[in-house]
Amino acid sequence: MPEKTALPLNAPETDFAAALIKRIGHAGPVSVADYMQACVSEYYARAAVFGTAGDFITAPEISQMFGEMIAAWLTDLWLQAGKPDQVNLVELGPGRGTLMVDIMRTLANWPDFKNAIQIHLVETSPTLREKQAIALNTYTPHWHDSLRTVPQGMTFVVANEFLDALPIHQLQKVKGEWHERCVGFDGAKFFFTHRALPAGLKLSDFMPADFMAAPDNSIFEVSPASLGVVAEVAARLKQSCGAALFIDYGHDRSGLGDTLQAVEKHTYADVLEKPGQRDITAHVDFAACVTAAQDAGGVRVHGPCTQGAFLTRLGIATRANALRAGAEDVSLIEAALSRLIAPNHMGVLFKVLGLSAAASNLDPAGFSDEVHTP
């Protein structure tokens with residue numbers, strides 16, 4: 001399999017690209033994980049990345065129905081929990097705040113729940129924090145760099161398209177041995193290369209045994225950052241008797257392959273061109289996330305199931321029918337519903353994973369009988 005290479009940098013170097021080139025020149029190629037981490041941090045410091053005018057659009061931006069379904073999911077859990085009068089509602093990677101706005105608007109139907117909520121946003125981008133503050137100015141949210149500083153107490157966590165932006169390590173089989181895939185710079189362009197695995201690294205700690213003997217040029221991806229977040233959320237739920245919801249695109253079984261991708265203006269682009277100026281993500285390995293949650297202990301794992309199945313079980317078709325009754329253009333609702341649940345859009349590629357404290361009696365809706373007990 002030929003390596004992907006980037007075209008020569010035909011635009012003036014950005015300060016970020018120049019710093020990355022200098023870093024590589026000084027210390028040698030950087031791991032894919034380090035490259036992705038640096039690019040993503042730079043990218044989300046930009047002003048306009050979401051929506052039709054940006055590079056990509058997420059489910060909450062497609063339709064209010066998505067946020068309404070998440071609000072219904074949360075309300076059901078709150079009722080099951082006995083209507084606690086204090087709840088931490090945590091969103092990881094809240095974007096422009098659209099999902100949280102739709103959730104809180106919908107919760108006007110359950111004022112006791114709405115009044116019990118304290119919003120906590122885990123967001124490291126100052127630019128996005130400013131946008132969230134404007135969108136949620138009536139709800140006095142609190143911001144955090146990580147989940148660790150969110151106060152103790154009953155906690156519900158929502159993470160929509162958060163894990164896909166966390167860095168992945170790529171391992172590549174070269175001449176019968178696994179190596180770490182890296183990014184170098186040859187004076188004109190960035191390119192993929194590889195280096196020996198760090199000494200003492202045990203592949204068996206994270207790679208399924210079936211993949212060990214994969215043929216040359218095979219690529220395996222692992223995201224310690226994503227698995228760490230899932231484990232951290234599981235640990236918090238064990239303390240708080242709460243629940244969590246992860247929604248992202250990815251696969252429900254671990255596999256081989258290169259899923260690193262870049263998007264610019266809603267079109268796939270080369271991940272090595274224009275570093276820091278394009279959205280870079282990778283598919284989430286939900287099977288590995290399930291294992292991380294189970295290893296953390298103290299939680300029940302629900303799913304993963306497809307986004308289409310999840311939203312359908314929550315009643316999105318019924319909500320769409322209600323919106324059609326008062327719509328001037330029914331086709332817009334039809335198109336939005338299709339994008340969210342149809343197999344050829346987000347319905348199958350996007351998966352939903354739920355966690356709930358094992359000590360609680362919470363039974364998150366939308367997952368049928370797809371439950372993994374600890």
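Basis for what follows: all heavy atoms, side chains included, without hydrogens, waters or symmetry-related copies.
More than 12 non-hydrogen atoms from other residues, nucleotides or ligands lie less than 6.0 angstrom from CG of Asn137. Crowding of Lys238 atom NZ: a count of heavy atoms from other residues, nucleotides or ligands under 6.0 Å not exceeding 12.
Annotation: side chain to side chain donor-acceptor pair (under 3.5 Å) contacts involving residues 338-356, sequence neighbours excluded, comprise His302-Ser356.
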Run the side-chain donor-acceptor check on residues 206-215: report pairs under 3.5 Å with partners two or more places apart or on a different chain.
none

Name each donor-acceptor pair under 3.5 Å that joins a side chain in residues 64-76 to protein atoms two or more places apart or in another chain, with its distance.
| from | atom 1 | to | atom 2 | distance (Å) |
| --- | --- | --- | --- | --- |
| Gln64 | NE2 | Glu68 | OE2 | 2.7 |
| Glu68 | OE1 | Arg319 | NE | 2.7 |
| Glu68 | OE2 | Arg105 | NH1 | 3.3 |
| Glu68 | OE2 | Arg105 | NH2 | 3.4 |
| Glu68 | OE2 | Arg319 | NH2 | 3.1 |
| Trp73 | NE1 | Ala365 | O | 3.0 |
| Thr75 | OG1 | Ala71 | O | 2.8 |
| Asp76 | OD2 | Gln80 | NE2 | 2.7 |

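Using a 4.5 Å heavy-atom threshold, the side chains of Met36 and Ile168 count as touching. The shortest side-chain heavy-atom distance between Val32 and His169 does not fall under the 4.5 Å cut-off. Put simply, the side chain of Phe192 reaches to within 4.5 Å of the side chain of Val271, judged on heavy atoms. At least one side-chain heavy atom of Ile103 sits less than 4.5 Å from a side-chain heavy atom of Leu89. Between Val90 and Phe156, every side-chain heavy-atom pair lies at or beyond the 4.5 Å cut-off. In this structure, Lys114 and Tyr139 have side chains that are in contact, with non-hydrogen atoms separated by less than 4.5 Å. Counting heavy atoms from C-beta on, the side chains of Leu20 and Tyr35 come closer than 4.5 Å.
Minimum interatomic distance between Thr259 and Gln170 (heavy atoms only, all atoms of both residues): N-NE2, 4.4 Å.
Relative ring orientation between His194 and His179 is described as perpendicular, the plane-to-plane angle rising above 60° on a 0-90° scale split at 30° and 60°.
Within the 3.5 Å criterion, the main-chain N or O of Val150 finds a donor-acceptor partner in the side chain of Arg236.
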